[in-house]
Amino acid sequence: MHKVKYGIIGTGMIAGIHAEAIRQLENAELYMVYDKDPSRARAFAQKYHCQFSPDFETFLKSDIEAVTIATPSGFHAEAAIPAACAGKHILCEKPIETTVEKAEALINRCAENNVLLSTVFQSRFAKNVTLIKKAIDDGRFGKPVLASASIRWFRTPEYYTNAGWRGTWLLDGGGALMNQGIHTADLLLYFNGDVESVHAYANRALHQSIEVEDTIVASIKFKNDSLGVLEASTACAPGFPRRVELSGTQGSVVLEGDRIVRWQFTDENPKDEEIRRICGQGEGLQGGFASPDGISCEGHRRQLQELTDAILRGQALSVPGTEGKRVIELICAIYESAEAGYPVKISTGIAPCGN
Ligand SMILES: NC(=O)c1ccc[n+]([C@@H]2O[C@H](COP(=O)([O-])OP(=O)(O)OC[C@H]3O[C@@H](n4cnc5c(N)ncnc54)[C@H](O)[C@@H]3O)[C@@H](O)[C@H]2O)c1
């Protein structure tokens, strides 16, 4: 059986999840890693039994067929564009980049070089997320009324001081929303469609030393006329699993972590009772709300399986690069509104991000 040879660029915290997820795939192998700090790449290669390259050129010239991008967010395009030009398929960590322009440049270079680009949104691969999406597509909620999400997470001051890029506009692209809340913002778009306009407030409730927000709230008007609230924080002790709450004229659902804790419709069907019983347990995929570790690698494994199958068999990607750009457009508009103090419409073109 042909195994897709993977490389990892950036061998920090999340790279360990990538390596473990690749190890669990039958039709893939971790071939080589690269980090701009060669000592980190060497130690990582020893731990995960693969090669490491001390320089980027040698890494790109190797037999690697696909790379995962695990560098600080503002270095994603810088790492991924040369890889795309060298013909490597790409799984890029979230956020795909820190500005809409940089996200667009990456998407375009991948298309020009005919390589696949998927952006990590491992939450999309949870079974209960798929179940909710199907209920929406089946029209079970009736007319959408409210779509809201809450990410009341906690990070210690050391989380920011241990890696200098975190909490900066240039390399993190934002704070609690761009880094931690982005998965849930993506779910709001996935479930309820595009946003028309936002009005936001942001502040630093705990982490005074960072440039970006640690707490943010946005009210949202969706293009389908429904409304919602998106709140994200890394200052809320002790940190709770994220919540997504969807309500329509015919039904409502609440997702907490990856558990469905409410599932109620005006017109119930025979499976609803079973869904309430089984789906309340979830799959244990959600972690990271109280500290950055404890993330399961299962979501990444499913997404990497999809990319591997797409490389080997031409199967479609469910989270292409354009999905990564869509959520950056939303987040940048929320930041623009918080900065300006007035509502901002989402443009489909370039929106400024940070300052
Ligand atoms: N999907 C998730 O749930 C999840 C969770 C955590 C982090 N992330 C994302 O993963 C990315 C990395 O986060 P992290 O916490 O692992 O960071 P980290 O600081 O722990 O590791 C980053 C690594 O990249 C290396 N590096 C920096 N610039 C580089 C470059 N230009 N080329 C090659 N290597 C370079 C650093 O030396 C370091 O080893 C971020 O984009 C973050 O948002 C995603």
Side-chain angles (χ1 to χ4, degrees), residues 7-21 32-45 47 52-60 67-83 90-99 102-103 106 118-126 151 153 155 158-168 170-187 212 234 241-242 257-258 285-289 291-304 319 324 327-328 331:
I8 298 177
I9 307 177
T11 54
M13 190 187 74
I14 201 64
I17 296 278
H18 293 193
E20 181 54 29
M32 192 183 275
V33 295
Y34 167 74
D35 193 291
K36 77 168 189 197
D37 177 345
S39 66
R40 298 189 81 155
R42 185 187 299 109
F44 192 92
K47 181 170 178 188
F52 83 97
S53 172
D55 70 274
F56 199 30
E57 277 193 4
T58 312
F59 176 85
L60 293 178
V67 296
T68 70
I69 308 295
T71 59
S73 306
F75 288 143
H76 285 176
E78 183 181 303
I81 286 177
I90 291 166
L91 178 69
C92 184
E93 263 302 342
K94 62 77 195 162
I96 189 168
E97 249 298 347
T98 51
T99 68
K102 288 171 85 182
L106 174 53
S118 188
T119 183
V120 175
F121 281 130
Q122 72 265 29
S123 294
R124 291 251 203 133
F125 293 80
I151 303 104
W153 285 17
R155 291 291 179 267
E158 291 73 34
Y159 165 79
Y160 291 104
T161 49
N162 286 349
W165 65 273
R166 294 188 189 133
T168 65
L170 191 65
L171 294 179
D172 216 348
L177 182 56
M178 184 64 98
N179 190 319
Q180 285 75 23
I182 190 167
H183 295 284
T184 312
D186 170 66
L187 286 186
V212 294
T234 54
R242 62 106 193 277
D258 75 332
L285 297 185
Q286 287 297 313
F289 46 86
S291 71
D293 41 31
I295 304 174
S296 156
C297 76
E298 177 57 16
H300 282 81
R301 188 197 67 74
R302 292 177 192 176
Q303 189 158 3
L304 276 155
V319 199
V327 69
I328 301 300
I331 291 172

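Whatever order the structure lists them in is the order used to number ligands and atoms, beginning at 1. Scope of the values below: all heavy atoms of this structure, side chains included, with no hydrogens, waters or symmetry mates.
Contacts with ligand 1 closer than 4.0 Å are made by side-chain heavy atoms of Arg40 only, the backbone lying farther away. At a 4.0 Å heavy-atom cut-off, ligand 1 touches Trp165 through the side chain alone. Looking at Ile295 against ligand 1, only its side chain comes within 4.0 Å, counting heavy atoms. At a 4.0 Å heavy-atom cut-off, ligand 1 touches Glu93 through the side chain alone.
In this structure, Arg166 is positioned above the aromatic face of Tyr159, its NZ or CZ under 6.0 Å from the six-membered ring centre and within 45° of the axis.
Of the protein's non-hydrogen atoms, Gly12 CA, 3.2 Å is the one closest to atom 21 (O) of ligand 1. The protein heavy-atom contact nearest to atom 27 (C) of ligand 1 is Pro72 CD, 3.3 Å. With respect to atom 16 (O) of ligand 1, the closest heavy atom belonging to the protein is Ile14 N, 2.8 Å. For atom 42 (C) of ligand 1, the closest non-hydrogen atom on the protein side is Lys94 O, 3.7 Å.
Remark: Thr98 OG1 to His76 NE2 distance equals 9.0 Å, nearest 0.5 Å.
Remark: ligand 1 and Gln122 share an N or O pair separated by less than 3.5 Å (distance only, no angle test). When only interatomic distances are considered, the shortest N/O to N/O separation between Tyr34 and ligand 1 does not fall below 3.5 Å. Any N or O atom pair closer than 3.5 Å counts here, and Asn179 shares no such pair with ligand 1.
The distance from ligand 1 to the heavy atoms of His183 drops below 4.0 Å at these ligand atoms: 1 (N), 2 (C), 3 (O). The atoms of ligand 1 that sit less than 4.0 Å from any heavy atom of Ser73 are 40 (C), 41 (O), 43 (O). Per-residue contacts place Val120 under 4.0 angstrom from the following atoms of ligand 1 (heavy atoms of the residue considered): 1 (N). Heavy-atom contacts of Glu78 reach the following atoms of ligand 1: 31 (N) (cutoff under 4.0 Å).
When only modelled atom types and interatomic distance are considered, Glu20 and His300 share no side-chain donor-acceptor pair under 3.5 Å.
Of the candidates Thr71, Thr98, Asp37, it is Thr71 that places a heavy atom closest to atom 11 (C) of ligand 1. When the options Ala70, Gly16, Gly10 are ranked by their closest heavy atom to atom 22 (C) of ligand 1, first place goes to Ala70.
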